[in-house]
Amino acid sequence: MRAVKRIEIIIEEIELENVTDELHRIGVAGYTVVPRAWGYGTHGMRQDNNLGMGNVYLVIACDEKQSQQVIEAIRTILRRYGGICLVSDAQWVIHEG
Amino acid sequence: MRAVKRIEIIIEEIELENVTDELHRIGVAGYTVVPRAWGYGTHGMRQDNNLGMGNVYLVIACDEKQSQQVIEAIRTILRRYGGICLVSDAQWVIHEG
Amino acid sequence: MRAVKRIEIIIEEIELENVTDELHRIGVAGYTVVPRAWGYGTHGMRQDNNLGMGNVYLVIACDEKQSQQVIEAIRTILRRYGGICLVSDAQWVIHEG
Amino acid sequence: MFSLSSMLIPAIMFFGLGFLAQLVRSDLKFPPELTKSLSIYLLIGIGIHGGTEIAKVDATSAMGAILVALGLGFGLPVIAYALLCKIVRVDKLNAAAIAAHYGSVSAGTFLTAVAFLDAQKIVYESQPVIMLAIMESPAIIIGLVLANLARNNSGNGHQQRVSRELVHDAFTNGSVMLLLGSMLIGATAQPAALEKITPFFSTMFSGALSLFLLDMGMEASRRIGDFKKVGPSLLVFGIAMPLIGAAVGIVIGHNILGFGVGGITLLATLAASASYIAVPPAMRLAIPEASPALFLTLSLGVTFPFNVALGIPLYYSAAHWITQ
Amino acid sequence: MFSLSSMLIPAIMFFGLGFLAQLVRSDLKFPPELTKSLSIYLLIGIGIHGGTEIAKVDATSAMGAILVALGLGFGLPVIAYALLCKIVRVDKLNAAAIAAHYGSVSAGTFLTAVAFLDAQKIVYESQPVIMLAIMESPAIIIGLVLANLARNNSGNGHQQRVSRELVHDAFTNGSVMLLLGSMLIGATAQPAALEKITPFFSTMFSGALSLFLLDMGMEASRRIGDFKKVGPSLLVFGIAMPLIGAAVGIVIGHNILGFGVGGITLLATLAASASYIAVPPAMRLAIPEASPALFLTLSLGVTFPFNVALGIPLYYSAAHWITQ
Amino acid sequence: MFSLSSMLIPAIMFFGLGFLAQLVRSDLKFPPELTKSLSIYLLIGIGIHGGTEIAKVDATSAMGAILVALGLGFGLPVIAYALLCKIVRVDKLNAAAIAAHYGSVSAGTFLTAVAFLDAQKIVYESQPVIMLAIMESPAIIIGLVLANLARNNSGNGHQQRVSRELVHDAFTNGSVMLLLGSMLIGATAQPAALEKITPFFSTMFSGALSLFLLDMGMEASRRIGDFKKVGPSLLVFGIAMPLIGAAVGIVIGHNILGFGVGGITLLATLAASASYIAVPPAMRLAIPEASPALFLTLSLGVTFPFNVALGIPLYYSAAHWITQ
Ligand SMILES: Nc1ncnc2c1ncn2[C@@H]1O[C@H](COP(=O)(O)O)[C@@H](O)[C@H]1O
Ligand SMILES: Nc1ncnc2c1ncn2[C@@H]1O[C@H](COP(=O)(O)O)[C@@H](O)[C@H]1O
Ligand SMILES: Nc1ncnc2c1ncn2[C@@H]1O[C@H](COP(=O)(O)O)[C@@H](O)[C@H]1O
Ligand code: NA
Ligand code: NA
Ligand code: NA
C-alpha cells in the first residue's frame with residue numbers, strides 16, 4: 001500500500017471538461033467520475049430537475065506533489081463556477097508486480 | 001485549506017427528505033446527493049430491482065461543531081430505518097477571496 | 001462511534017459480481033455500490049459510451065481485520081482486470097441499542 | 001369457456017419469458033428508467049381510455065362504482081389483517097404492512113386481465129378503471145391506522161408527522177395523479193385533438209404493456225430467493241388472499257354493480273391483486289419495523305405471478321359461471 | 001375566433017396536469033432520461049416533418065425566412081438587454097444572460113402552438129420550422145458579446161477560450177444538429193423509405209409531445225419557489241418581453257414574409273418564446289457571474305407557462321385580426 | 001442494380017448524422033438508458049417478426065439454416081484467428097478476443113441490411129433471423145477455447161470458473177433470450193392477440209431503428225481517436241475480414257441454402273458483421289489480457305461503419321451477380 005492523497009471534487013457537469021483537461025495536463029494517473037449527482041451549496045439547490053445542469057462527483061488518487069498542482073488548478077475553476085474540493089489521506093492498494 | 005469533517009451517509013431514497021430537512025434545519029453550508037446507489041447491510045440486499053426503494057449516497061462537508069449536530073440528527077433516523085453514516089477528516093480547499 | 005476502515009473500490013461493472021462474491025465470503029457487514037461511474041486509468045478512458053463496460057464505485061466500511069481480508073481478495077482481482085482500491089480511516093456512527 | 005390457448009397472449013407470454021430469463025440467471029436487465037417510463041405511459045394510457053369511456057357512463061352507476069371501490073379499499077386490508085394476525089400469526093406491524101398491499105391494487109395485473117378479455121373478445125364495463133384509480137389510496141391509510149393501533153398509540157411526534165405526510169402522499173401519489181388526471185383529460189378534451197394522441201396512447205398500448213410485463217416477470221422471479229424467509233403459512237396466504245378478494249369482487253360485481261362477465265372479471269382481479277409499486281415505499285416509511293422481504297415477496301413474488309398465470313382465467317371462469 | 005374550448009387540447013392539458021402535480025407536491029417524477037429521450041425524439045420528428053415540407057418551398061422564400069430568423073435571433077436579445085439594463089435595472093451580466101434566453105427559442109412552446117393550430121385545423125407555412133433551427137444559435141453569441149462588453153474587455157485568456165468554445169457549441173449544439181440533420185434527411189431521403197419511419201416520428205408525435213409537456217409542466221411549476229428571489233419588475237419583464245417579441249413577430253410575419261394566420265402565429269410564438277434547455281448551460285459557462293435562479297425562473301417558470309396558457313391563443317387572435 | 005440513391009434511406013442517413021455529429025464534436029448525447037431500451041425493443045421486434053415468418057418455414061430448411069449458423073459461428077473465428085496470428089501478427093490472446101467478435105454478429109448491421117432491402121422492395125428468406133439468434137453464442141465459446149489454447153493450459157482455478165460462467169452466459173445472454181423468446185412468442189401466440197402488439201413492435205420498428213442507428217453512428221465515430229493505437233495492418237484486417245466473411249456467406253447462401261438475392265445479402269451481412277454489444281464484455285472477462293481498445297475499435301469503429309456505408313450495397317451487388 002502506498003500513502004496517497006484522495007481528492008474529491010463536486011462541480012457542475014458543464015465544467016467537468018475544464019477539470020479533466022487540467023487533470024490530463026497535470027498528468028494524474030487516473031480519475032473517476034460519478035455522474036448525475038445533485039446538491040445544495042452557496043449557489044442554492046442545484047438540480048432536482050430534468051433539464052441538465054446537475055453536478056458530478058469526481059475522485060482522484062494521486063501523490064502529495066501532484067495533489068498540490070490539482071488543488072491549484074481546481075481552485076481557479078471553483079472560484080469561477082462554485083463547487084467544492086475536499087482532500088484527505090488514503091492508502092492505495094498496490095496490485096502490480 | 002480548512003480542516004473539516006466529511007460525513008457520508010447511505011440511506012434509503014425514501015428517507016432522503018427526512019435527512020435533508022434536518023440538514024437545512026441545522027444549517028449546513030451544503031451537501032451532495034448521489035442517487036441510485038444500492039447495497040447490502042443488516043436489512044439484506046437493498047434493490048437490485050427496478051421498482052424503486054434504492055439507496056442514496058450523501059456527502060456533507062462541515063465543521064466539527066455542526067458535524068456533532070448532524071450525527072445526532074442522523075442517528076435517530078438510522079435507528080428507525082437503517083443505513084450507515086461514516087465520519088472522517090478532510091481538508092476543504094478554500095476558493096473564495 | 002467506532003473506528004473502522006473505509007475501503008473504496010473502483011472496478012469495471014462486469015467484475016462487480018466477482019468482488020461482491022468475495023465480500024459475502026469474507027462476511028463483511030455491508031457494502032454500497034454506486035453504478036454508472038466512468039473514468040481514466042492505466043487502461044485508458046473507460047466508457048464514455050452507451051454500450052456498457054462502465055465502472056462502478058464501491059464503498060465498504062469494516063473493521064481493521066476484515067479490511068485485510070478484503071484487500072487481499074481485491075488485490076488478485078485488480079491484478080487481473082485493473083481498477084483501484086483506496087483505504088482510509090473513518091468513524092462509524094453507531095445507531096443500535 | 002376457458003382453454004389453454006387463452007393463455008397464449010403476448011402479455012402473459014412475455015411475463016413468462018421474463019420469469020424464465022431470471023430463473024436461468026440470464027444477464028438480461030431493463031434499465032430502471034425504462035420500467036418507470038413504461039409505467040408512467042401505461043397509467044396515462046389507461047386513464048385516457050377510461051376517461052373517454054366514463055364520459056358515456058351515467059353518474060349514478062359511476063358513483064356506485066366509486067363507493068364500492070372505497071369499500072373494498074378500506075375493507076380488504078381489514079380482512080387481510082385479521083387473517084394474518086389470527087391464523088397466519090404474523091406480528092401486528094408486519095400484518096398491517098402486508099394488509100395494506102392487499103387492499104391496494106396492481107395496474108399490471110389489471111391490464112393483463114384486460115388483455116386476456118380483449119384476446120377473447122369479451123366486452124367489459126368501464127367503471128373498473130375508475131375503481132383502479134380510487135383503490136390506490138385507502139389501503140395506505142388503513143395500513144397506517146392498523147399500525148398505529150398495533151403500536152397502541154397514535155405514535156410519537158415523528159410518527160405523527162410521517163402519518164400526516166403519508167395521508168397527503170396517499171392522495172397525491174404519482175399513480176393516482178396520472179390516472180385521475182388522464183381520465184379527466186380523456187373525458188373533457190376536444191375529441192378531434194384527442195384523436196391525435198390516440199396512436200401513441202392507445203394503438204401502441206398492448207405492445208408497451210408486453211414490454212412492461214417482460215420486466216415485471218423478471219422482478220417477480222427475482223423474489224424467489226426470498227421464499228424461504230417467508231415461510232409456508234405466509235405463502236399460503238399469498239394465494240388464499242387473492243382468492244378471497246376475487247370472491248368478494250365477483251359477488252359484489254354481480255350482485256351489487258350488476259356487471260357482465262367482463263366487468264366482474266376485472267373487479268375480481270382488482271380485489272385479488274396486491275400493490276407492488278406504490279404501497280411498498282409508503283409502508284417502508286410508515287412501518288419501518290415491518291420487513292420488506294415479507295411484503296414484497298408476497299405481493300410481487302407470489303400473488304402477482306399467481307394472478308397472471310392462474311388467477312385471471314380462474315376469475316373469468318367463475319364470472320362466467322355466476323352470470324349463467 | 002377563439003374560445004376556451006380551444007385550450008382543451010391534450011398538449012396544454014397535460015402541461016396543466018404536470019403543473020398541478022408539482023403544486024400539490026405529488027411524488028410524481030419523470031426519469032431524467034425519459035425527458036431527454038423525448039426531447040431528442042421531438043426534435044427529430046419536427047425536423048423530418050419540416051424537411052419534407054421545405055422540399056416544397058421555393059428557395060427565395062426559404063432564404064427570406066432564414067434572414068428574418070437571423071435578424072430576430074440577433075435583434076431580440078439586444079432589445080431585451082436594453083430593457084433589462086435601462087428599465088428593470090438588472091446588472092449588466094445578468095441582463096446579458098437573460099437577454100440571450102429571450103433571443104433563442106423553445107421547441108416545446110413552438111410545438112404547443114402547432115398542436116393548437118392543428119386542433120383548430122388552421123394551416124400554416126413550413127418556414128417557421130427552419131426558423132426554429134436557425135434561431136437557436138445567434139442569441140448565444142449575442143449573449144457572449146454583451147457580456148464581454150459589460151466586462152469592458154474581451155476577457156482574459158480563460159474567457160477567450162470559453163468564448164471560442166461557445167461559438168463552436170452554438171453551431172454544433174445537439175438541438176441544432178438534430179433539427180438541421182433531420183430536416184436534411186426529411187428533404188432528401190427516398191420517399192418510400194421515409195414512409196417507413198413515418199409511423200414512429202409522425203403518427204406518434206402528438207402523444208409523445210403530451211408526455212413531454214407533462215414533465216415540462218412539472219419543471220415550470222418547480223420554479224415557483226424562486227419567484228420571490230426574482231422580484232416584481234423582473235416578473236413583469238417575463239411577461240412583457242414575450243408580448244414585445246410576439247408583436248415584432250406578427251408584424252414581420254404579416255408584412256415582410258407574407259404569412260397567413262397560421263404562419264404568423266408560429267412566428268410570433270418563436271419570437272415570444274425563451275429557451276430553457278439549450279441556452280441555460282451555455283450562459284452558465286459563458287457568464288458564471290449571472291444567477292441561474294434568475295434566468296431559469298424567468299424563462300421556464302414565467303414565460304413558458306405564460307405562452308402555453310395565454311400567449312399562444314393571444315398571438316393567434318392577433319394574427320387573425322391583422323390578416324383581416 | 002445499385003445506385004447511390006439506394007443509400008438515401010433513413011437508417012443509413014441517421015447513422016451518418018450521428019457519425020458527423022460526433023466528428024464535429026457536437027454535445028449531442030443519448031442517455032445510455034435510451035440506447036439500451038432501443039436495443040431491447042429492436043431485438044424483441046425482430047424476434048416476433050422472425051417467429052411469425054418461421055412458422056411458415058418447413059423444418060428441414062430451418063434445420064439447415066441452424067446448422068450453417070453453427071458452422072459459421074464456430075468457423076469464422078478460426079479463420080480470423082489464423083489471419084490475425086499468421087499475417088497481422090497480433091499476440092495470441094488479442095487475436096482470440098478479436099476473432100470472437102468477428103464470429104459473432106451485429107444486430108444493428110443486420111437490421112440496416114433489412115432496411116436496405118426493404119427500401120428496394122427486395123424479398124428475403126426468413127431463416128437469417130434464426131441464424132442471427134444462433135450466431136451470438138458459438139463465437140464466445142471459440143474465443144474462450146482459443147484463449148485457453150494460447151495460454152497453453154485450461155487455465156487456473158479462477159480461469160476455469162470464469163470459463164464455466166461464460167459458457168453459461170453465452171447461452172443465457174440477454175440478446176439470445178430476447179431473440180429466441182420473442183421468436184417463440186411470435187410463432188405460437190394467438191394471431192388475434194399478436195395483432196394487438198403489431199403497431200408497437202412492427203409498425204414503429206423502422207423509426208426506432210433510425211433512432212438507434214443515430215446513436216450507433218456516434219458510438220462508432222467516438223472510436224476514431226483510437227485508430228492510431230490500432231495500426232495499419234489491423235485496420236486492413238477490419239475491412240478484409242468482413243469481405244472474407246461475406247464471401248463465405250454468399251457462397252453458402254447460394255450453393256448450400258439456395259437463398260435468393262435478399263437472403264444471400266442478409267447471410268453475407270451476418271457473416272461480415274462483428275459484434276460490438278454482447279461479445280466485448282464477455283471477452284473482457286474471459287481474456288482480461290486483451291486490449292478493449294483493439295477489439296472495440298475494430299468491430300465498432302472500422303467494420304461496423306464499413307458494413308453500413310459500403311459493405312451492404314456491395315454484398316447485395318455480389319448476391320445479385322451470383323444469382324444471375
Ligand atoms: N458543504 C458541502 N458539502 C457537500 N457538498 C457540497 C457542499 N457545498 C457545496 N456542495 C456541493 O457542491 C455544489 C456546488 O456548490 P456551490 O457552488 O457552493 O453551490 C453543490 O450543489 C453541492 O452538490
Ligand atoms: N458496512 C457497510 N459498508 C458500506 N455500506 C453499507 C454497510 N452497511 C450498510 N451499508 C449500506 O447501507 C444500506 C442500509 O444498510 P442496512 O440498514 O444495514 O441494511 C445498505 O443497503 C448498504 O447500501
Ligand atoms: N488515480 C486514480 N484515481 C481515481 N480513479 C482511478 C485512478 N486510477 C484508476 N481509476 C479508476 O479505475 C478505473 C480502472 O483503472 P485502470 O485499471 O487503471 O484503467 C478507471 O477507469 C478509473 O475510473
Ligand atoms: Na387488492
Ligand atoms: Na424568442
Ligand atoms: Na460475423
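Numbers restart at 1 for each chain; the letters A, B, ... are given by sequence-line order, proteins then strands. Owing to the predicted nature of the structure, the values given are computational and were not obtained by experimental measurement.
Listed options Met1(C), Arg6(C), His24(C) were ranked by heavy-atom pairs under 4.5 angstrom with chain B; first place goes to Arg6(C). In terms of non-hydrogen atom pairs under 4.5 Å with chain B, the most contact-rich of Val33(C), Val34(C), Thr32(C) is Val33(C).
With a 4.5 Å cut-off on non-hydrogen atoms, Leu86(B) touches chain C through its backbone and its side chain both. Proximity to chain B (any heavy atom under 4.5 Å) is restricted, for Val4(C), to the side chain, taken from C-beta onward.
Rounding to the nearest 0.5 Å gives a distance of 7.5 Å between CG of Asn55(B) and CD1 of Ile10(B).
Contact check for Ile7(C) versus Cys85(C): side-chain heavy atoms found under the 4.5 Å cut-off. Between Glu22(B) and Ile77(B) the shortest side-chain heavy-atom distance falls below 4.5 Å.
Screening Ile26(C), Ile74(C), Val28(C) for a side-chain contact (heavy atoms from CB on, under 4.5 Å) involving Gln69(C) leaves a single residue, Ile26(C).
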